[in-house]
Peer 1: 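Let me give you the structure first, and then I'll get to my questions.
By convention in this document, chain letters (A, B, ...) are assigned in the order of the sequence lines, proteins followed by strands, and residues within each chain are numbered from 1.
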Amino acid sequence: MAESYPNTNMPGSTMDRYNYSANLEFSDFFDFTDWTKGDLALIVSGYPESQNYAANDVVNSGGSSSYHEDPNNIAASGDSRSVMGEKQITEKVAFKTKSEIEILDDGFKWRKYGKKMVKNSPNPRNYYKCSIEGCPVKKRIERDKEDPRIQIDKIESSSSRKRNRVPAIIVMESIVQMPYDATVRLMLASLERNLLPDAVIRRLTRLLLASRLRSGYKPSAEFQLSDLVHFAHSLREMPIAIKTERPKSQHYEVPTSFFKLVLGKHLKYSCCFFPDKSSTLEDAEKAMLELYCERSQIKDGHTVLDVGCGWGSLALYIAQKYRNCQITGICNSVTQKAYIEEQCRDLQVQNVDIIVADISAFDMEASYDRIFSIEMFEHMKNYRDLLKKISRWMKPDGLLFVHYFCHKTFAYHFEDVNEDDWITRYFFDGGTMPSANLLLYFQDDVSIADHWLINGKHYAQTSEEWLKRMDQNSNSVKPIMESTYGKDSSLKWTVYWRTFFIAVAELFGYNNGEEWMVSHFLFRKK
DNA sequence: CGCTTTTGACCAGCGC
DNA sequence: GCGCTGGTCAAAAGCG
């Protein structure tokens, strides 16, 4: 078996690309008028003392809107009482962070307006205002006089106008200090209200990934090959796929018009390949499609099956490139089929047939020279049964090409067991995160001919492009979100989709793309 | 040049 | 009122 792990040709210093943040107005993030209903101050009431406070102290669902007094006298001088006559509303929070880093970047833009020595302390106190015009949030930062490694932040938002209350920033400042579960809970609460700047979502995502890498994803602290073998074995006991309807409704029934605005012109809703970092998304879509053709050794005249064809990016690409190929695509939604057939008419292509079916239940007699599956195995469980079924659709000398995203070492289920895993809940419930070589444990009916890995940065950049396009087309996206999710939830879902793209980018960009990545397999029939 | 940071002046509150 | 402290302003300095 020839295994090669080619350098995926991503140039070195590309991190600047990944610091992209959307050019949105302050008011796009902070919907003041919405806050009068859910009292955000409650979410952050109390002064978290960096180490030893319980999550429940932070997420306080009852009580008054004023903040609790600091048990450790961190912020004794604050005055949150209402001024006589007009209603002055002040939200405050204070916390300590242990950090060697001189200036902690919290993702917000600040303007420094003062610096003062504090009595009885060798360290100065710095005064900042949020640099966005009209934002009433201020913060002051000083270092602990006993332990200068500890940074003390006090943040307050004060305004006479109720609609200008800005506890959002307080939420954000607090959550980055919190234990894992409290962080997640607040992130969710903040997300729903559209309160987090991209930089914060990115930072939180990385924190969560780091935390999960330490404990959550791995079946054991020392992940061993035997764990993977066990995982692979356990998949054999499961149905081919579970909960096939949920991801479909979660994800794939959003109107095609949305994906037309977000994806590249091939409508490839999977990882693209960037020959260099300045490649356009269209280039990258094409480069990956071309890579599939090359690695699968496809020839003109072959019969081709694309299992899980989506909007037909690969089917249509092959149909145009190899006019004598006859291509069948299987997708799970009628809207996708309708779109592909429309494309066939526009492109004057006659060699494509689309079947709408649930792969786990579907079967047929036909057989093919080449079978492709692009990012569909992630929705499946029982790879043995699935590969057995697919192998029956292969001609004796046929080849199967599989592309899935993966973790380099371990495999895990996407399960909606933790409320924290909102990506699972809303986008991938019932799916699997395979390990890079998981399919090699399922060679009952097929055997490996070749195997490649692709650095995760390609997916990171792909998702960044999707995000960029979604933002650029926000005017057109808005009515789609409103008609899909309802006017009340459209903002929330817009945020979810943006956060999903950000999270995908951070996941695959993690550890320079060497942690989560994309795996390609070429199998022959046994 | 366009931005941020520094810095002394100023101001408000408070205890005496 | 006076002295002290903490917070703010805005002119000047610093920076890439």
Peer 1: Using atom CZ of A:Arg111 as one end and atom P of C:dA10 as the other, report the distance to the nearest whole Å.
Peer 2: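 Value for this atom pair: 10 Å.
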
Peer 1: Do you know which two heavy atoms are closest between A:Leu267 and A:Lys260, and how far apart they sit?
Peer 2: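 Minimum heavy-atom contact is CD1-CA, 3.7 Å.
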
Peer 1: Look at all strands and tell whether A:Lys115 reaches a base, only sugar-phosphate, or nothing, counting heavy atoms closer than 4.0 Å.
Peer 2: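 A:Lys115: base contact, heavy atoms under 4.0 Å.
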
Peer 1: From C:dT8, B:dT6, C:dG6, pick the nucleotide closest to the side chain of A:Arg125?
Peer 2: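 For the A:Arg125 side chain, the nearest candidate turns out to be C:dG6.
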
Peer 1: What integer distance in Å separates A:Tyr128:OH from B:dC3:C1'?
Peer 2: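 Atom OH in A:Tyr128 sits about 15 Å away from atom C1' in B:dC3.
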
Peer 1: Could you check how far NZ of A:Lys129 sits from C1' of C:dT8, rounded to whole Å?
Peer 2: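 Rounded to whole Å, this separation is 9 Å.
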
Peer 1: Could you check whether the side chain of A:Lys116 and the base of C:dG7 have a donor-acceptor pair of N or O atoms closer than 3.5 Å, going by distance alone?
Peer 2: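 For A:Lys116, whose side chain was compared with the base of C:dG7, there is a donor-acceptor pair (under 3.5 Å).
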
Peer 1: Give the rounded distance in Å between these two atoms: NZ of A:Lys139 and C1' of C:dT8.
Peer 2: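 Result: 18 Å.
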
Peer 1: Looking only at side-chain atoms of A:Tyr113, point me to the closest of B:dT6, C:dT8, C:dT5.
Peer 2: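 The listed nucleotide nearest to A:Tyr113's side chain is C:dT8.
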
Peer 1: Taking the six-membered ring for Trp, are A:His451 and A:Phe521 parallel (under 30°), tilted (30 to 60°) or perpendicular (over 60°)?
Peer 2: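 Judged by the thresholds at 30° and 60°, the geometry between A:His451 and A:Phe521 is parallel.
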
Peer 1: From NZ of A:Lys112 over to P of C:dA11, roughly how many Å is that when rounded to an integer?
Peer 2: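 So the two atoms are 20 Å apart, to the nearest Å.
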
Peer 1: Whole-Å distance between C:dG7 P and A:Tyr127 OH?
Peer 2: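 Distance check: A:Tyr127 OH to C:dG7 P gives 4 Å.
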
Peer 1: Is it the case that the ring center of A:His520 lies less than 6.0 angstrom away from the ring center of A:Tyr404?
Peer 2: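 That pair fails the under 6.0 Å test.
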
Peer 1: ring-ring contact (aromatic ring centres under 6.0 Å, His included) with A:Tyr485: which of A:Trp497, A:Trp493, A:Phe258?
Peer 2: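 Only one of A:Trp497, A:Trp493, A:Phe258 forms a ring-ring contact (aromatic ring centres under 6.0 Å, His included) with A:Tyr485, namely A:Trp493.
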
